[in-house]
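Note that the structure is a prediction, hence the values are computed from the model and not measured. To find a chain, count down the sequence lines: A is the first, B the second, and so on, and within it residues start at 1.
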There are 2 protein chains.
Amino acid sequence: MVESRRGASARAPRTKFQSLEEQRIIVGDCVAEMSKLPGASVDLVFADPPYNLQLKGELKRPDESQVDAVDDDWDKFSSFAAYDDFTRAWLLAARRVMKPSATIWVIGSYHNIFRVGAIMQDLGFWILNDIVWRKSNPMPNFRGRRFTNAHETMIWAARDEKAKGYTFNYEALKASNEDVQARSDWLIPLCTGEERLKDGGGKKVHPTQKPEGLLARVLLSSSKQGDLVIDPFNGTGTTGAVAKRLGRRYIGFERDKVYAEAAERRIAAVEPLPAETLAPFMTAREAPRVAFSELIERGMIAPGAKLVDSKRRYGALVRADGAIMLGDKVGSIHRIGAVAQGLPACNGWTFWHVETKGGLRLIDELRAEIRSEMTAA
Amino acid sequence: MVESRRGASARAPRTKFQSLEEQRIIVGDCVAEMSKLPGASVDLVFADPPYNLQLKGELKRPDESQVDAVDDDWDKFSSFAAYDDFTRAWLLAARRVMKPSATIWVIGSYHNIFRVGAIMQDLGFWILNDIVWRKSNPMPNFRGRRFTNAHETMIWAARDEKAKGYTFNYEALKASNEDVQARSDWLIPLCTGEERLKDGGGKKVHPTQKPEGLLARVLLSSSKQGDLVIDPFNGTGTTGAVAKRLGRRYIGFERDKVYAEAAERRIAAVEPLPAETLAPFMTAREAPRVAFSELIERGMIAPGAKLVDSKRRYGALVRADGAIMLGDKVGSIHRIGAVAQGLPACNGWTFWHVETKGGLRLIDELRAEIRSEMTAA
DNA sequence: ACTTATCGTGAATCTTGAT
DNA sequence: GATCAAGATTCACGATAAG
């Protein structure tokens with residue numbers, strides 16, 4: 001571990017990664033480097049491979065400004081066959097290191113996802129779901145010749161058809177979704193603003209940085225605290241940052257040293273959430289109605305934040321999975337609101353508040369914001 | 001109309017198709033039957049091929065031989081291969097009958113859509129979008145081991161990369177969507193209630209009947225009145241019913257006589273919408289061309305007049321020949337508009353104004369006057 | 001300080017017809 | 001087929017500037 005860390009850092013001092021015992025980035029080709037890992041050692045794979053965009057010319061907005069397209073060398077392939085070979089190679093290497101109970105996520109767009117999915121099936125992966133990431137703020141279609149490309153697709157698959165015992169945190173997902181099963185379409189904004197890594201000149205470090213909200217939902221739904229998560233295409237380290245925050249171990253593979261170093265700094269700066277916000281959520285068959293996790297994914301409420309009632313008599317801790325905690329009691333916002341008051345029931349939405357600069361704010365107002373966005377969509 | 005309804009509902013006498021001059025169903029294998037159509041004759045293909053990879057023992061090879069039940073990896077491979085052969089065969093047959101400007105829609109789920117998409121790319125189809133049909137009322141996941149499968153995927157593709165002039169009714173879609181361009185994710189309910197075809201015993205006729213709302217959006221977005229639409233997997237004829245209602249011609253192919261007859265009755269009962277509700281939307285692209293010199297010829301703008309931008313920052317002189325002049329630069333309204341702003345391009349119609357008593361007037365408005373005169377004539 | 005206007009930008013296979 | 005020019009075309013946010 002120390003060896004590889006030193007190798008990865010090249011010019012950086014050895015001390016730089018001391019905080020990354022549990023999260024590390026290996027600089028090199030992911031196929032070669034994954035082959036050095038022991039087999040059947042990984043709990044979850046998240047992969048954001050090159051999409052093989054085949055852009056012809058330049059694209060301009062109606063105001064004649066230039067769209068900053070993905071024209072990096074790492075996204076260039078000579079043919080579909082070359083892309084397929086590349087895909088088969090990294091999928092096989094990933095499959096070898098997966099535990100029998102492990103699952104894999106691969107994200108892509110229509111340019112590549114069909115090829116990736118077919119190859120996954122051919123290699124024996126067993127698809128569990130395809131998940132649609134609906135972008136709340138996609139780039140429009142400037143020429144009006146197609147539908148706005150407003151989503152990307154993720155394939156979630158087990159190592160093989162017979163795989164048993166994969167992790168799916170059904171109860172926690174349901175409790176944080178109005179007590180309704182989580183669906184295969186997720187509405188999440190693009191990675192913009194503060195979250196987007198910029199270089200000294202204010203330019204984006206990586207053209208395709210994924211939002212942390214997306215990775216948080218992936219890791220919360222299909223991994224457990226302490227699990228080993230790997231990402232063959234580390235990029236700026238979104239997977240690693242979220243893994244660290246959520247108490248998962250992480251290994252990322254990245255060929256580009258600039259990306260790798262930016263990711264190392266980013267991950268080092270992440271503060272893991274307190275262990276109690278991540279403890280497995282076991283209760284909940286009778287969990288009351290909640291639609292709380294989206295507020296967390298959108299950054300409206302941070303895990304670890306405190307919810308209080310209007311008179312600040314009670315305070316509850318927000319967990320990463322959308323449940324809250326008061327003393328040793330864990331449950332939905334409704335249940336814990338009831339416990340706090342010693343009542344049989346409580347509508348948590350109209351009971352709990354968050355502290356803001358402008359004073360207390362009812363969480364129901366935050367929900368209303370999301371709802372108005374959803375009905376607009 | 002009365003005739004046809006009676007005919008269709010009887011024991012299928014010869015008169016059966018008399019009302020269906022514009023919509024008909026051909027009973028037989030779609031590959032064989034499509035081969036009898038003239039090439040390059042179809043405007044739009046909609047296909048809902050069988051998905052049932054995992055329903056073992058039901059899958060047939062293109063030659064009608066049964067694929068053995070699949071249990072081990074080799075058989076799984078052979079079943080994927082058989083499905084791929086089947087897919088390649090019908091896609092090739094469909095591609096042959098497509099006009100160069102035609103497009104094709106294929107709907108599927110994660111069981112088959114990745115294979116279909118990869119094969120489409122391999123055959124030379126050019127993907128325009130993948131569209132997500134989000135089901136507002138999906139079937140829940142009973143075992144709680146996966147996300148609720150709440151969507152299906154459609155691939156929309158042109159016949160080949162170079163294909164020009166495909167139909168995309170951008171303006172109409174935008175107008176019907178709060179004046180915001182249509183996205184790649186559509187929220188549409190499942191086909192239920194009255195719309196769902198039932199047999200005498202109240203059992204659904206077909207397991208995967210698609211909602212008419214879905215087909216309506218497909219046909220309205222990518223076809224025109226009078227276009228020829230085909231569906232290689234007619235089923236209960238949703239595509240044909242919607243095609244008839246929307247004034248499109250239709251040919252459906254169906255091997256199963258029970259489905260075909262149910263579809264015939266259904267389509268015969270459809271009342272086409274009044275022609276005026278289907279009239280094409282005159283779009284800016286299709287509007288007749290007007291030369292700037294026509295404005296001068298008609299006396300709307302006098303030679304020697306000055307054109308200015310909305311903030312009167314730039315002024316150009318109108319020449320008698322229809323060119324304009326800024327400083328020592330002479331050129332078209334577009335060219336000089338671009339020069340004035342230091343941009344590579346500019347739409348002069350929406351940039352330049354003339355001074356009138358009532359203030360500035362965009363020259364595009366003058367052009368609109370001429371156009372309305374032209375269409376009135 | 002607060003509101004409003006402007007500007008920048010995001011995984012994009014993004015025109016058409018005449019010569 | 002290649003080249004050229006007409007001319008059609010954007011949504012949601014966040015940051016910054018202006019009022």
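- In this structure, S332(B) reaches the sugar-phosphate backbone alone: every heavy-atom distance under 4.0 Å involves primed, P, OP1 or OP2 atoms, never a base.
- Using a 4.0 Å heavy-atom criterion, one finds that Q181(B) contacts the sugar-phosphate atoms exclusively.
- Both the sub-6.0 Å distance and the 45° axial angle are not jointly satisfied by K76(A) relative to the ring of W74(A).
- Counting any heavy atom pair closer than 4.0 Å across all strands shown, G57(A) reaches a base atom.
- Stem analysis of DNA chain D (Watson-Crick or G-U pairs, both distances under 3.5 Å, runs of at least three) returns C:2-10 with D:11-19, C:15-19 with D:2-6.
- Across all strands shown, D68(A) has heavy atoms under 4.0 Å from sugar-phosphate atoms exclusively, and none from any base.
- The pair D85(A)-R88(A) counts as a salt bridge, with a side-chain nitrogen and a carboxylate oxygen less than 4.0 angstrom apart.
- Distance noted for atom P between dA6(D) and dC14(C): 23 Å (whole Å).
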Assess whether salt bridge (Lys or Arg N to Asp or Glu O under 4.0 Å) is satisfied between K311(B) and D309(B), documenting all intermediate values. CA-CA 6 Å; K311(B) 293 185 178 163; D309(B) 67 295; over 6 Å; no

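- Heavy atoms of D71(A) sit nowhere under 4.0 angstrom from any nucleic acid atom.
- Side-chain atoms of N234(A) and Y250(A) form a donor-acceptor pair, as typed in the model, at a separation below 3.5 Å.
- Spacing between atom NZ of K60(A) and atom C1' of dG7(D) amounts to 14 Å, rounded to whole angstrom units.
- Toward the 5′ end of DNA chain C lies the nearest nucleotide of C191(A), the other residue of the pair R143(A) and C191(A) mapping further downstream.
- Ranking dA11(C), dT9(D), dC13(D) by closeness to the R285(B) side chain, first place goes to dT9(D).
- Cation-pi geometry between R217(A) and W186(A) is met: the NZ or CZ atom falls under 6.0 Å from the ring centre, inside 45° of the normal.
- The OH-C1' distance, from Y166(B) to dT16(C), rounds to 12 Å in whole Å.
- Rounded to whole Å, atom C1' of dA2(D) lies 13 Å from atom NZ of K162(B).
- Comparing dA6(D), dA11(C), dC11(D) by their closest approach to the side chain of K135(A) singles out dA11(C).
- Closest to the side chain of S65(A), out of dA8(D), dA12(C), dT9(C), is dT9(C).
- Within the nucleic acid shown, T208(A) comes within 4.0 Å of at least one base atom, counting heavy atoms only.
- A salt bridge links D321(B) with R319(B): the distance from a Lys NZ or Arg NE/NH1/NH2 to an Asp or Glu carboxylate oxygen falls below 4.0 Å.
- Here dG7(D) is the nucleotide among dA11(C), dG7(D), dA12(D) with the atom lying nearest to any side-chain atom of A345(B).
- Ranked by how close their nearest DNA chain D nucleotide is to the 5' end, M139(A) and A291(B) are led by A291(B).
- For L59(A) and dT9(D), the CG to P distance is 15 Å, given to the nearest whole Å.
- Salt bridge absent: D179(B) and K174(B) never bring a charged side-chain N and a carboxylate O closer than 4.0 Å.
- For R61(A) against dG10(C), a side-chain-to-base donor-acceptor contact under 3.5 Å is present.
- Taking atom CD on E194(A) and atom P on dT9(C), their separation rounds to 16 Å, with Å as the unit.
- Of the listed nucleotides (dA12(C), dA11(C), dT9(D)), dA12(C) has the atom at the smallest distance from the side chain of V67(A).
- Between dA11(C) and dA8(D), the two P atoms lie 30 Å apart (nearest whole Å).
- Between the NZ atom of K198(A) and the P atom of dG8(C) there is a distance of 14 Å, given to the nearest Å.
- If you check every strand for non-hydrogen atoms under 4.0 Å, P344(B) touches nothing.
- Nucleic acid contact class of R335(B) (heavy atoms, under 4.0 Å, all strands): none.
- The two residues V290(B) and R371(B) have their closest heavy-atom pair at CG2-CG, 3.9 Å.
- Place Q209(A) and R145(A) on DNA chain C by their nearest nucleotides, and Q209(A) ends up nearer the 5' end.
- Residue-level contact check: I127(B) touches the bases, meaning some heavy atom is under 4.0 Å from a base atom.
- Rounded to whole Å, the separation between the C1' atoms of dT9(C) and dT10(D) comes to 11 Å.
- Classification of E212(A) and R266(A) as a salt-bridged pair holds, one side-chain N sitting under 4.0 Å from a carboxylate O.
- In this structure, CZ of F292(B) is placed 13 Å from P of dA6(D), rounded to the nearest angstrom.
- Base engagement by N141(A) is indicated by at least one non-hydrogen atom pair under 4.0 Å involving a base atom.
- Atom-to-atom, NZ of K203(A) to P of dG10(C) comes out at 10 Å; the value is rounded to the nearest Å.
- The side chain of V70(A) sits closest to dA11(C) out of dG10(C), dA11(C), dT9(D).
- In this model, the phosphate group of dC14(C) is not approached by any side-chain N or O of K56(A) to a distance below 4.0 Å at OP1 or OP2.
- Using a 30° and 60° split on the angle between ring planes, F147(A) and F168(B) fall in the perpendicular class, above 60°.
- Between K204(A) and D199(A), no side-chain nitrogen of the basic residue sits less than 4.0 Å from a carboxylate oxygen of the acidic one, so the salt-bridge criterion is not met.
- Across dG10(C) and dT9(D), the matching P atoms stand 25 Å from one another, rounded to whole Å.
- Across all strands, E178(B) comes closer than 4.0 Å to no nucleic acid atom at all (heavy-atom distances).
- Taking 4.0 angstrom as the limit, H334(B) places a side-chain polar atom (N or O) nearer than this to OP1 or OP2 of dG7(D).
- A284(B) comes within 4.0 angstrom of the backbone, heavy atoms only, and of no base.
- Within the structure, every side-chain polar atom (N or O) of R196(A) is placed at least 4.0 Å from both OP1 and OP2 of dA15(D).
- Picking from dC11(D), dC13(D), dA12(C) the nucleotide with the shortest atom distance to the side chain of H111(A) gives dA12(C).
- The phosphate of dG17(C) (OP1 or OP2) has no side-chain N or O of K164(B) nearer than 4.0 angstrom.
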